[in-house]
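Let me begin by presenting the structure, written as structure tokens, before commenting on it.
Throughout, a chain's letter reflects where its sequence line sits, starting with A, and its residues are numbered from 1.
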Protein chains: 2
Amino acid sequence: MGVPSGSDGDQPPTRTVTLRDVAQLAGVSIATASKALNGQPQVRATTREKVVRAAEQLSFSPNTLAQGLITQRSGTVGLLTSDLEGRFSIPILMGAEDAFGSDQTSVFLCDARGDNVRERHHLRALLSRRVDGLIVVGARPDARPSLGDLPVPVIYAYSPSDDPNDLSLVTDNVGGGSMAVDHLIRHGRRRIAHITGDATYGAARDRAAGALDRLRQEGLALAGDQVWYGAWSEAWGRGATRMLLQRDPTVDAIFAGSDEIARGVLDVLHQEDLDVPGRVAVIGFDNWNILAANARPPLSTIDMNLEQLGRLAAQRLFAAIDGNVGSGTETIPPRLITRESTAPLD
Amino acid sequence: MGVPSGSDGDQPPTRTVTLRDVAQLAGVSIATASKALNGQPQVRATTREKVVRAAEQLSFSPNTLAQGLITQRSGTVGLLTSDLEGRFSIPILMGAEDAFGSDQTSVFLCDARGDNVRERHHLRALLSRRVDGLIVVGARPDARPSLGDLPVPVIYAYSPSDDPNDLSLVTDNVGGGSMAVDHLIRHGRRRIAHITGDATYGAARDRAAGALDRLRQEGLALAGDQVWYGAWSEAWGRGATRMLLQRDPTVDAIFAGSDEIARGVLDVLHQEDLDVPGRVAVIGFDNWNILAANARPPLSTIDMNLEQLGRLAAQRLFAAIDGNVGSGTETIPPRLITRESTAPLD
DNA sequence: TTGGGGACCGAAAACGTTTTCAGGAACGTA
DNA sequence: TACGTTCCTGAAAACGTTTTCGGTCCCCAA
């Protein structure tokens with residue numbers, strides 16, 4: 001277990017091959033070797049060929065540190081997230097990584113764990129590494145303090161910056177809420193209730209606002225007479241549903257503020273022998289696959305398009321690096337995922 | 001939305017401050033400035049003070065690219081994961097990031113998405129960036145092809161390398177399986193069944209092996225007469241439980257191969273009005289918090305200590321970078337999480 | 001007064017690239 | 001033959017550090 005051992009082929013400490021080696025093997029100067037490999041036009045086709053072959057033969061790989069030093073572009077960006085643990089950072093991060101990966105930029109991942117001093121520490125490190133830009137991914141969709149003026153462009157994702165001069169990308173919770181309710185209405189539901197999470201989250205209030213808005217347009221009242229704010233948990237979903245059924249047994253659809261809550265809702269509806277979606281339709285929020293797709297029945301839900309948000313953040317960052325800095329808040333539209341927990345009332 | 005706008009204070013294009021500026025302000029040479037800031041002894045206390053003050057005043061931050069160029073250490077490592085999406089990579093990644101973050105090393109995150117050519121592409125990029133080492137995080141706990149001889153040390157995490165000369169860190173599935181069954185036995189259970197996932201996963205077979213082993217020690221037979229291999233899904237948990245109850249109604253404990261499966265098991269037990277844990281105890285695997293902690297009742301489970309695995313990977317990589325390269329396979333012990341789905345039979 | 005030695009400092013080389021610019025070769029034209 | 005072009009190549013500077021090594025200054029003992 002972990003036995004120290006010299007690497008297998010204990011070669012004479014093979015210096016990493018440099019451009020000089022390539023040039024030498026190709027019989028040209030370092031300058032032309034560089035130009036040949038970078039596709040500069042002012043080099044004869046035959047010499048370029050020679051150089052390329054030499055580079056391949058030595059399996060040369062240019063030292064990006066050196067390149068970055070002179071071009072003043074490191075080809076790296078920082079991804080500063082406040083909680084890796086949370087399920088929201090990950091898709092954003094995937095989208096961003098994907099968008100960058102197809103370019104030549106590499107991504108530094110930093111997790112501040114919601115700690116401010118850790119964030120500043122990582123920030124220092126990233127700037128010291130001369131990243132070309134950075135994306136700040138928040139933990140919850142409420143505004144966060146701006147990092148202020150930095151020598152590189154910054155994009156805020158998920159949590160918007162509190163400074164309107166920064167560029168922030170956020171999900172559309174109002175739109176999502178109204179989209180969920182719209183879906184239920186289209187399926188003929190009239191007695192629609194809303195159970196959601198912690199009211200201190202802007203996301204909870206926004207989704208509720210969107211839902212109420214859509215109901216009002218239709219001239220409908222909220223079943224259960226109130227928005228059931230509580231916690232982002234399955235247990236709250238169960239508890240609220242019991243109370244709701246007691247207060248208003250005529251409910252025929254429940255919009256849950258998260259898939260977790262929706263799971264709790266489903267659980268109690270089963271206990272009460274209320275058929276889903278025959279008797280009561282249920283729609284969740286987040287499209288957290290493990291919860292939504294495996295529910296019984298599989299859960300219709302609103303997808304916030306987080307991966308797209310991540311990709312867009314990457315694109316906006318590129319633009320900013322190229323000088324097109326933007327500002328303000330851009331909103332990503334959500335997407336309805338229909339599964340079997342919602343169906344037309346017949 | 002995204003209106004291009006020059007940055008607020010349109011300062012005269014503020015060149016990033018370099019060591020030369022610090023030296024100049026402090027009235028010393030670049031050399032002494034460097035030595036002063038790096039805590040080299042051969043510099044008078046008063047001059048060091050001057051330099052430090054100048055550096056602060058200009059908020060100097062050393063260019064790590066330049067440093068890396070000459071010290072031949074970039075202070076970066078690559079984290080090459082095959083699927084970010086999967087829930088197993090994340091905790092490992094968190095552990096590693098944490099361990100590195102407390103050091104001065106930054107982490108390049110690369111997601112190969114299970115694609116081989118993407119993996120090679122990222123590998124090239126990382127080597128070009130002169131990372132000091134890298135950690136390869138697999139998607140499933142079966143062996144994966146070695147990356148072969150690289151100019152930097154490599155640690156394989158979760159998925160071991162198929163080359164025994166590499167150093168791999170893996171979870172202990174056999175131990176986990178036996179730990180789960182042991183827990184059930186200690187609670188007086190005698191009719192223990194095992195429902196698990198896809199038999200092509202080494203993890204499934206290993207956990208089953210550990211479970212059977214422990215049963216054999218106790219002279220017990222498996223309830224249901226077989227290991228119920230199937231899929232890593234809630235649906236399979238439900239289906240298998242129904243079959244199991246039909247075949248052997250005397251079962252008093254179920255060891256599920258994953259928390260997802262366990263959720264399905266719980267669901268059917270509730271439908272059948274079999275009290276958990278009064279009548280049947282249930283234990284899961286993975287300690288996937290969202291599923292386990294929110295189950296009804298909260299689910300006892302086996303935690304694979306993935307975060308610790310990530311941290312250990314970071315430590316081993318450090319050691320390797322410092323010349324202490326290891327080889328072979330190191331196993332991380334699992335941990336029992338007891339919640340309310342298991343209890344003594346009375 | 002001289003010499004030795006310690007403490008401190010700075011000039012310069014080095015890391016591996018890119019880019020500028022001067023110049024050589026080859027060629028066509030007057 | 002002389003000259004202007006065009007095409008290609010290479011010397012050298014630059015990027016921002018670290019590190020080596022020789023040098024200066026000062027102090028103290030002989």
Side-chain angles (χ1 to χ4, degrees), chain A residues 13-52 54-55 58-76 104 125 127-132 151, chain B residues 13-52 54-55 58-76 104 125 127-132 151:
Chain A
T14 169
R15 242 190 356 85
T16 85
V17 24
T18 153
L19 191 55
R20 177 208 303 281
D21 303 322
V22 175
Q24 193 166 335
L25 178 59
V28 301
S29 76
I30 296 184
T32 37
S34 169
K35 284 178 271 197
L37 293 177
N38 292 333
Q40 301 264 24
Q42 7 116 1
V43 39
R44 190 164 21 181
T46 70
T47 36
R48 181 190 310 280
E49 177 65 16
K50 262 192 314 188
V51 173
V52 170
L58 301 177
S59 65
F60 166 72
S61 106
N63 185 327
T64 357
L65 277 66
Q67 289 181 314
L69 193 54
I70 101 143
T71 62
Q72 305 284 37
R73 282 251 185 141
S74 65
T76 61
Q104 337 271 47
L127 292 178
S128 204
R129 295 230 130 80
R130 296 297 186 266
V131 291
D132 297 331
Chain B
T14 169
R15 244 193 350 87
T16 84
V17 25
T18 151
L19 191 54
R20 178 208 305 280
D21 303 323
V22 175
Q24 194 165 336
L25 178 58
V28 302
S29 76
I30 297 184
T32 35
S34 170
K35 282 178 274 198
L37 293 178
N38 293 333
Q40 301 264 24
Q42 5 117 2
V43 40
R44 187 161 26 176
T46 70
T47 39
R48 182 191 310 279
E49 177 65 16
K50 264 191 310 183
V51 172
V52 169
L58 301 177
S59 66
F60 166 73
S61 107
N63 185 327
T64 357
L65 277 67
Q67 289 179 314
L69 193 54
I70 101 142
T71 62
Q72 306 284 39
R73 281 250 185 142
S74 65
T76 62
Q104 335 273 49
L127 293 178
S128 203
R129 294 227 129 82
R130 298 295 185 267
V131 293
D132 296 332

Sub-4.5 Å side-chain heavy-atom contact between [X] and [Y]:
| X | Y | value |
| --- | --- | --- |
| B:Lys50 | B:Thr46 | no |
| A:Thr47 | A:Thr32 | no |
| A:Val22 | A:Leu25 | no |
| B:Arg130 | B:Pro151 | no |
| B:Asn63 | A:Leu69 | yes |

message: Test of understanding: with side-chain hydrogen bond (donor to acceptor under 3.5 Å, both in side chains), list the residues that count as partners of B:Thr64, not counting sequence neighbours.
response: none
- prompt: Nearest to the side chain of B:Ile30 - C:dT18, D:dT17, D:dT9?
  reply: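 Of the candidates, D:dT17 comes closest.
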message: Donor-acceptor check, side chain of A:Asn38 to backbone of A:Gln40, threshold 3.5 angstrom: yes or no?
response: no
task: Indicate yes or no for a side-chain donor-acceptor contact from A:Arg129 to the backbone of A:Ser74 under 3.5 Å, with no hydrogens or angles considered.
output: no
Taking atom [atom2] of [N] as reference, at what distance in whole Å does atom [atom1] of [X] sit?
| X | N | atom1 | atom2 | answer |
| --- | --- | --- | --- | --- |
| A:Arg130 | D:dC15 | CZ | P | 14 Å |
| A:Leu58 | C:dG16 | CG | P | 14 Å |
| A:Leu19 | D:dG10 | CG | C1' | 13 Å |

message: Run B:Leu37 and B:Leu19 through side chain to side chain contact (heavy atoms under 4.5 Å, CB included) and show every step you take.
response: CA-CA 10 Å; B:Leu37 293 178; B:Leu19 191 54; 3.9 Å; yes
Testing the basics here: between [X] and [Y], what is the closest heavy-atom pair and its distance to 0.1 Å?
| X | Y | answer |
| --- | --- | --- |
| B:Val17 | B:Leu58 | CG1-O, 3.4 Å |
| A:Ser128 | B:Ser61 | CA-OG, 3.7 Å |
| B:Val43 | B:Arg48 | CG1-NH2, 3.2 Å |
| A:Gln42 | A:Lys35 | OE1-CD, 3.2 Å |

- request: By nearest nucleotide on DNA chain C, pick out whichever of A:Asn63 and B:Lys50 is the more 5' one.
  value: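 The 5'-side residue here is B:Lys50.
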message: The criterion is salt bridge (Lys or Arg N to Asp or Glu O under 4.0 Å); which residues satisfy it with B:Arg44, sequence neighbours excluded?
response: none
Protein-nucleotides 23-28 of chain C N/O pairs closer than 3.5 Å?
none

Phosphate OP1/OP2 of [N] contacted by [X] side-chain N/O (<4.0 Å):
| X | N | value |
| --- | --- | --- |
| A:Arg44 | D:dT9 | yes |
| B:Asn38 | D:dT18 | yes |
| B:Thr64 | D:dT17 | no |
| A:Thr32 | D:dG10 | yes |
| B:Thr18 | D:dT17 | yes |

field: Contact residues, residues 65-76 of chain A to DNA chain D [heavy atom, < 4.0 Å]
entry: A:Leu69, A:Ile70, A:Gln72
field: Residues from residues 22-29 of chain A lying under 4.0 Å of DNA chain D - heavy atoms
entry: A:Val28, A:Ser29
task: Go along nucleotides 20-26 of chain D 5' to 3' and tag each nucleotide: B for a protein heavy atom under 4.0 Å from its base, S when only backbone or sugar atoms are that close, - otherwise.
output: B------
